[in-house]
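The structure under discussion appears below in the form of structure tokens.
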Amino acid sequence: MATTGIPTKLQEQHYQISPDYVRISVAAAIELGLAPGRINGCSCNCINLLQNYPQGCAANCSYCGLARERPGLAEENSFIRVDWPLYETDLIAEKIAQKEAESSVGRVCIAQVQDHRATRDLIDMADRVHKAAPEVPISGLVTATLLDEDDLHEIKQAGVDIIGVGLDAVSEDLFLRTRGKLAKGPHRWDQHWEIVRAARRIYGPMKVNCHLIVGLGETDKEMFDMIFQLKSEQIAGYLFSFNPEPGTEMQDVPRAPLERWRRIQYVKYLIENCDLPPDALEFNDAGDLIRLAPETNSAKLAFDSGLAFMTNGCPDREGVMACNRPYGSYRPGEEYRDYPFLPDSQEREVIASQTKLNEIWDIAEQQIS
Ligand code: SF4
Ligand code: SF4
């Protein structure tokens with residue numbers, strides 16, 4: 001467990017903590033010229049920042065590298081399997097402003113962790129970035145447990161235009177087991193939904209998103225029910241592929257098979273972009289997707305476009321996906337899970353062979369792959 005014996009008041013002197021310090025994804029550090037290297041095949045157009053406190057995160061989600069009961073010091077832990085170097089917040093704000101002056105920055109995202117200072121600090125950090133680079137859109141990836149409606153208004157006033165909520169688990173039962181009481185964590189499903197819906201009212205349609213993790217133990221049916229629900233409320237759903245973190249409660253749980261992940265990506269795309277109705281999907285008693293019967297042409301074209309297999313993330317100011325999180329859900333050298341760029345024709349062939357859609361595709365004349 002990552003603990004500190006130093007009282008809260010003295011921690012600011014002993015540790016480099018938020019709001020004055022912030023962690024930044026390696027991809028974003030490269031993009032801002034703070035770290036050497038390059039990201040294979042794509043650029044990182046979203047600067048992802050993460051709050052830093054001596055105890056990491058005080059929640060205890062069973063799959064997360066920052067969880068309270070994960071062994072080791074918080075500063076040694078990784079988040080979504082990549083290291084997050086620490087910098088002064090003001091330096092990051094300055095670098096963002098410099099980059100914006102050269103060529104526009106797609107988006108900045110500030111992620112909260114569970115800490116009693118985290119809401120006050122999110123507002124402070126968003127304010128610093130917004131003052132340095134007022135044109136750059138900012139997302140707040142919030143910890144719903146810490147917030148009420150007033151906080152959501154204050155966060156907006158500080159310059160945040162999109163709220164992301166790590167819902168992660170797509171059913172109440174799974175949420176309880178992986179994030180809530182049964183995981184010895186503070187999060188509550190009902191409270192998360194109160195904040196998601198309050199944010200939806202305050203920030204507007206498609207200005208709120210829920211992160212959804214594939215592979216925590218949900219059924220296909222639960223995943224698609226959630227995607228339909230979010231669509232009906234004009235809330236974005238962003239898919240993440242579970243990737244076990246060493247040292248966490250779920251370290252030995254296998255990832256979702258690639259075939260299942262690809263089908264979920266594709267069907268989600270059809271629901272959101274081609275108005276696929278719920279009755280186009282059929283499930284067995286275990287909740288596995290066993291039949292897909294879409295309208296013919298648009299579904300085939302959608303598959304061939306490759307768009308369904310790109311990373312889901314917040315857009316830039318032109319509405320183009322900015323948050324592409326290279327290596328967020330796979331390691332360098334591994335198969336892509338979500339593509340941080342539009343897959344080319346060769347990659348689309350690989351995707352088709354991975355998806356094996358013919359096994360569930362119910363339109364004889366429209367064979368895929
Ligand atoms: S609240 Fe977020 S950062 Fe904290 S343990 Fe859960 S998933 Fe990890
Ligand atoms: S999709 Fe990316 S930018 Fe948007 S809230 Fe999630 S991590 Fe932040």
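Atoms within a ligand are numbered from 1 in the order they appear, just like the ligands themselves. Keep in mind the model is a prediction, meaning the values are calculated, not measured. Along the sequence shown, residues carry numbers from 1.
To the nearest 0.5 angstrom, M223 atom CE is 7.5 Å from L216 atom CG. If you take CD on Q16 and CG on N52, they are separated by 8.0 Å, rounding to the nearest 0.5 Å.
Taking backbone and side chain together, C61 holds an N, O or S atom under 2.8 Å from atom 6 (Fe) of ligand 1. For C64, the nearest N, O or S atom to atom 8 (Fe) of ligand 1 falls under 2.8 Å.
Per-residue contacts place C109 under 4.0 angstrom from the following atoms of ligand 2 (heavy atoms of the residue considered): 3 (S), 5 (S), 7 (S), 8 (Fe). Shown in contact with N48 at under 4.0 Å from a heavy atom are these atoms of ligand 2, numbered in order with element: 7 (S). For ligand 2, the atoms lying closer than 4.0 Å to a non-hydrogen atom of H211 are 1 (S), 5 (S), 6 (Fe), 7 (S). Set against the non-hydrogen atoms of C323, the atoms of ligand 2 under 4.0 Å away are 1 (S), 2 (Fe), 3 (S), 7 (S). Applying the 4.0 Å criterion to heavy atoms of R325 picks out, from ligand 2, the atoms 1 (S), 2 (Fe). Below 4.0 Å from some heavy atom of C314 lie the following atoms of ligand 2, by number and element: 1 (S), 3 (S), 4 (Fe), 5 (S). Under a 4.0 Å criterion applied to the non-hydrogen atoms of Y238, ligand 2 contributes the atoms 1 (S). Of all the atoms in ligand 1, the ones that sit under 4.0 Å from a non-hydrogen atom of R179 are 1 (S), 6 (Fe), 7 (S).
For the 3.5 Å distance criterion, the side chains of Y87 and R23 fail to qualify, holding no donor opposite an acceptor.
The environment of Q346 atom CD is sparse: at most 12 non-hydrogen atoms of other residues, nucleotides or ligands sit within 6.0 angstrom.
Counting heavy atoms under 4.0 Å from ligand 2, residue I162 does not touch it at all. Heavy atoms of R68 found under 4.0 angstrom from ligand 1: none, in either backbone or side chain.
Tested against F309 for a ring pair (Phe, Tyr, Trp, His ring centres under 6.0 Å), the candidates F303, Y269, Y339 yield a single pass: F303. If you run salt bridge (charged side-chain N to carboxylate O under 4.0 Å, His left out) between R255 and each of E335, E334, E245, only E334 comes through.
Under a 3.5 Å cut-off, the side chain of R200 and the backbone N or O of I195 do not form any donor-acceptor pair.
Two different hydrophobic clusters hold M310 and I271 under the rule that ILVMFWY side chains link at heavy-atom gaps under 4.5 Å.
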